[in-house]
Number of protein chains: 2
Amino acid sequence: MNDAAPPRATVSPQAVREVALTLFAERGYHGTALSEIAAELGIRTPSLYNHIRSKQELLHDIVIETTTDVWADYERAVKDEPDVVARLRSATRVYALRHATHRREALIVNREIASLDDPARSRAMQLRRCHAEAMKELIDEGTKAGRFSEPASTLAAFGILEMCVSIARWFRDDGPLSAEEVAAKYAEMCLRVAGAK
Amino acid sequence: MNDAAPPRATVSPQAVREVALTLFAERGYHGTALSEIAAELGIRTPSLYNHIRSKQELLHDIVIETTTDVWADYERAVKDEPDVVARLRSATRVYALRHATHRREALIVNREIASLDDPARSRAMQLRRCHAEAMKELIDEGTKAGRFSEPASTLAAFGILEMCVSIARWFRDDGPLSAEEVAAKYAEMCLRVAGAK
DNA sequence: CCTACCGATCGGTAGG
DNA sequence: CCTACCGATCGGTAGG
């Protein structure tokens, strides 16, 4: 851990969030103390309250922003894409890409939704269900059109989404493959899950 | 939550572990207080120490037993199976099956390894790496033999394993598919990820 | 199995 | 940004 933080740092809300992202992703929400976030920033715990309203607000903003962005990604990805195979490929590619480029956010959303207070938790879970349902319907549509062949579309949709989540667990910026390359690879693997010919 | 626990229960180590499994899986290790486990059992917190040595020991036993069993499952699944496609199918099927039949254990292992103290954490992570590496080598072997076609075997192996983990997130005993049916389904989907012809 | 109690730490506030 | 401090709760122990 970096204990060489400057003795009198000037901190911003973004800086607090940045440290929270790292520590929540590494140790979990309940496993991270505000004193640890403060220490990482080189300030005392009460000073955090000049930048945030509460610990819960940090989690709230991370989860709500991420789940909202995931859904916006999806809608953008399938818009203006007439071919159903291209639509599933595009939807999967942007989801996979996000898990390479926003690893910490993705891990926190996947692990800590239960730690989020209502009503935000319900909203986040609804957005995720919405996303999974949309993926399922893409698979159904493709299967009806003879382009896919997976009648267990709900199982396949969950499997595809979770496969993309795995990226957040191992991806490294300095690895052999770029985020875009990994996303393209996973999109093709996921098409095979749906039974693309 | 069941607050109708008997006023003077007789508790066993197994009963404590059973409640811990449920609460750790629902709220996480750091999100669960021993007082909550005790309340669920209808006893006071200090009485737990007649059955366990510490909270950490509970997590330790769950994670070590599960990761050990996963590896034993794998070895049993590939033993005496000459065909490489059948080996990957069998290895995937038992892993998927475990995630339907041991949902709480699987979720805890996936979420709380970082909450486990060394040296158990290192041992558990090594067992998981071992498993992922073995899956990767199955894919490589099959690709060399012309039975699979996924040169990005490390990516595929992680993806396949994580896909199976997704089962633990949604499977219900009273759902339309049995654990065995779901495991068979996922095994076939995972073979397609590996590029099985 | 219990009551009584421990030191440590938690998130957060008062006041400057 | 700080020091001083709050009540609550944590995991765990003593002793019966």
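Letters A, B, ... mirror the listed sequences (proteins, then strands); counts begin at 1. Atom set for the values below is all heavy atoms of this structure, side chains included, hydrogens, waters and symmetry mates excluded.
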Quick check: on DNA chain D, is the nucleotide nearest A:Ser47 upstream (toward 5') of the one nearest B:Ala33, or the reverse? Name the residue that is more 5'.
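Mapping each residue to its closest nucleotide by heavy atoms, the 5'-most match is A:Ser47.
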Between [N] atom [atom2] and [X] atom [atom1], what is the distance in whole Å?
X	N	atom1	atom2	result
A:Leu48	D:dT3	CG	C1'	15 Å
A:Leu41	D:dC1	CG	P	9 Å
A:Tyr29	C:dC10	OH	C1'	11 Å
A:Ile37	C:dT9	CD1	C1'	15 Å

Just verifying a value: how many Å separate [X] [atom1] and [Y] [atom2], rounded to the nearest 0.5 Å?
X	Y	atom1	atom2	answer
A:Thr92	A:Leu97	OG1	CG	12.0 Å
A:Ser35	A:Leu48	OG	CG	9.0 Å
B:Arg27	A:His30	CZ	NE2	9.5 Å

Tell me whether the OP1 or OP2 atom of D:dC1 has a side-chain N or O from A:His51 closer than 4.0 Å.
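True: A:His51 side-chain N/O within range (under 4.0 Å) of D:dC1 OP1/OP2.
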Just N and O in the side chain of A:Arg44: are any of them under 4.0 Å from OP1 or OP2 of D:dC1?
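No, no such contact exists.
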Closest contact, heavy atoms only, A:Glu141 versus A:Arg87
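Heavy-atom minimum between the residues: OE2-NH2, 2.6 Å.
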What pair of heavy atoms forms the shortest contact from B:Met163 to A:Ile160, and how long is it?
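The answer is CG-N, 4.4 Å.
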Is the cationic atom of A:Lys197 (NZ for Lys, CZ for Arg) positioned less than 6.0 Å from the six-membered ring centroid of A:Phe148 and within 45 degrees of its normal?
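Output no; distance or angle outside limits.
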Between the protein and nucleotides 12-16 of chain C, list every N/O to N/O distance that falls short of 3.5 Å.
{"from": "C:dG12", "atom 1": "OP2", "to": "A:Tyr49", "atom 2": "OH", "distance (Å)": "2.7"}
{"from": "C:dG12", "atom 1": "OP2", "to": "A:Lys55", "atom 2": "N", "distance (Å)": "2.9"}
{"from": "C:dG12", "atom 1": "O5'", "to": "A:Tyr49", "atom 2": "OH", "distance (Å)": "3.0"}

Now, which nucleotide makes the Watson-Crick or G-U wobble pair with D:dA14, with each of the two distances under 3.5 Å?
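Because both required distances fall under 3.5 Å, D:dA14 counts as paired with C:dT3.
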